[in-house]
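Report on the following structure.
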Number of protein chains: 2
Amino acid sequence: MHKMNSKNKTFIDKLRSSGLRPTNQRVEISKFLFNRKKTFHFTVEELKNSMNLKRSKKISTATFYNTVHALKSAGHLKEFSLENNTSYYDTNITSHHHFFDNGKVIDIKSDKITFQKLPEAPKGKKIKNVEVVIRLENNN
Amino acid sequence: MHKMNSKNKTFIDKLRSSGLRPTNQRVEISKFLFNRKKTFHFTVEELKNSMNLKRSKKISTATFYNTVHALKSAGHLKEFSLENNTSYYDTNITSHHHFFDNGKVIDIKSDKITFQKLPEAPKGKKIKNVEVVIRLENNN
DNA sequence: AACTACTTTATAATTATTCTAAAGTATGTG
DNA sequence: CACATACTTTAGAATAATTATAAAGTAGTT
């Protein structure tokens, strides 16, 4: 049996609302992802490595992928791509933008970028979201 | 006059300026990519398949990857990513933006999007470029 | 023509991800 | 609260995109 405090409940709710039963593995992943102050950017591989590093009983790769996908589909994680064929996830699901600096990602609050002009969606389509990536390089 | 020759020359120049000797394979890839009116979006796999379809002597996978990478590094192709772990390339290297519509990509001319406000680069960094992706969905 | 450095190619290796199917577990029902 | 059942976990195999290897071929120079 394991203890259940009120904090655990919000993690469990995130899982349930993603259509996932709150198994041990999933609750721990959910805690690891959402029990933090700052936005967290990660790849599934990174998540797996940092969580499994300290565990004697490892969580399997498939479980990490399954859980991250379900959380993403339920809207608890945001997915984005850099130019290296890997999916990145972001625990900040509010609309926002990114700096990319040689593989490092920094959030840009939504209100830091505003548009003067935006194109219309093609016929029969509408805009789902607008994402800005500002690529950085070293000064001089 | 010598329209065909001078055209070939521009393909060869693109290769040379990418640090590549103009071999047969590379000249054909360069022609295939740049001898067209409209912007071309592609993955290396797609490029390989459409070029090799009609050839008796196939060009190898590695050559496609090498050539596309060198052209990209030299600035003759632009790379971008969707959320499917595949690199896409764009023969339109002018600064511009994209609509993403379920894996389909549509160019947005640079002047269709202008900013009212943009954040400053972090200390020691400067902005290399700004890219906007507008994700589309079907109108209800 | 000969030389040398760059290329091509088939194939193996790698990386990220998804699939499979057998063994384990959460949960509603009684 | 036992139990049946549908959902989960897991190791390992499979797949997809890409990169590495090293032997055979070719371009550019001399």
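In this text the structure is predicted, and so the values were computed from the model without any measurement. Per chain, numbering begins at 1; letters A, B, ... match sequence-line order.
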| query | Hey, which of these two, B/V44 or A/A62, hits DNA chain D nearer its 5' end, going by closest nucleotide? | reply | A/A62

| request: Look at the side-chain N and O atoms of A/Y65 and state whether any lies under 4.0 Å from the OP1 or OP2 oxygen of C/dT18. | output: no

| field | Plane angle bin for A/F80 and A/Y88 - parallel if under 30°, tilted between 30 and 60°, otherwise perpendicular | value | parallel

| Nearest-angstrom distance from the residue atom CD of A/E28 to P of D/dT10 | 11 Å

| Quick one: is D/dT5 close enough that its OP1 or OP2 comes under 4.0 Å of any side-chain N or O from A/R21? | no

| query | What is the distance, rounded to the nearest whole Å, between atom CG of A/N66 and atom P of C/dG24? | reply | 19 Å

| query | What residues form a side chain to side chain contact (heavy atoms under 4.5 Å, CB included) with B/K126, not counting sequence neighbours? | reply | A/E137, A/N139

| query | Under 4.0 angstrom, heavy atoms only, what part of the nucleic acid is B/K58 near: base, sugar-phosphate, or nothing? | reply | sugar-phosphate

| said: For a quick check of understanding: with a heavy-atom distance under 4.0 Å over all strands, which category does A/T43 fall into, base, sugar-phosphate or nothing? | reply: nothing

| remark: Here the distance between atom P of D/dG28 and atom CG of B/N24, to the nearest Å, is 11 Å

| query | Taking the side chain of B/R16 as heavy atoms from C-beta outward, which of C/dT9, C/dT27, D/dG28 is closest to it? | reply | D/dG28

| task | Select one nucleotide: of D/dT9, C/dT9, C/dT17, the one nearest the side-chain heavy atoms of A/T63. | result | D/dT9

| Are any of B/H69's side-chain N or O atoms less than 4.0 Å away from OP1 or OP2 of D/dT19? | yes

| query | Is it the case that one hydrophobic cluster holds both B/L71 and B/V27, taking links as side-chain heavy atoms less than 4.5 Å apart, direct or via other members? | reply | yes

| message | Is the phosphate of C/dT7 approached by B/R26 (side-chain N or O, under 4.0 Å from OP1 or OP2)? | response | yes

| task | Considering only NZ, NE, NH1 and NH2 on the basic side and carboxylate oxygens on the acidic side, decide whether A/K112 and B/E120 come within less than 4.0 Å. | result | no

| Is B/E28 salt-bridged to B/K31, going by a charged N under 4.0 Å from an acidic O? | no

| request: Whole angstrom is fine here: how far is it from CZ in A/F64 over to P in D/dA11? | output: 11 Å

| query | If you look at every strand shown and take non-hydrogen atoms under 4.0 Å, does B/T86 touch a base, only sugar-phosphate, or nothing? | reply | sugar-phosphate

| query | So, is B/K48 near the phosphate of D/dA17, with a side-chain N or O under 4.0 Å from OP1 or OP2? | reply | no

| field | A/N85 vs D/dT18: side-chain N/O to OP1/OP2 distance below 4.0 Å | value | yes

| query | Between D/dA27 and B/T23, is there an OP1 or OP2 to side-chain N/O distance shorter than 4.0 Å? | reply | no

| In whole angstroms, how far is the P atom of D/dT18 from the CD atom of B/E45? | 8 Å

| Value in whole Å for how far the P atom of D/dT18 lies from CZ of B/F42 | 11 Å

| said: At less than 4.0 Å, is any side-chain N or O atom of B/T61 found next to OP1 or OP2 of D/dT18? Yes or no. | reply: no

| field | Integer-rounded Å distance: C/dT15 C1' and A/E83 CD | value | 18 Å

| Between C/dT25 (C1') and A/L20 (CG): distance, integer Å | 15 Å

| task | Could you check whether the rings of B/H98 and B/F100 sit parallel, tilted or perpendicular, using 30° and 60° as the cut-offs? | result | parallel

| So, is A/Q25 close to the D/dT10 phosphate, meaning a side-chain N or O under 4.0 Å from OP1 or OP2? | yes

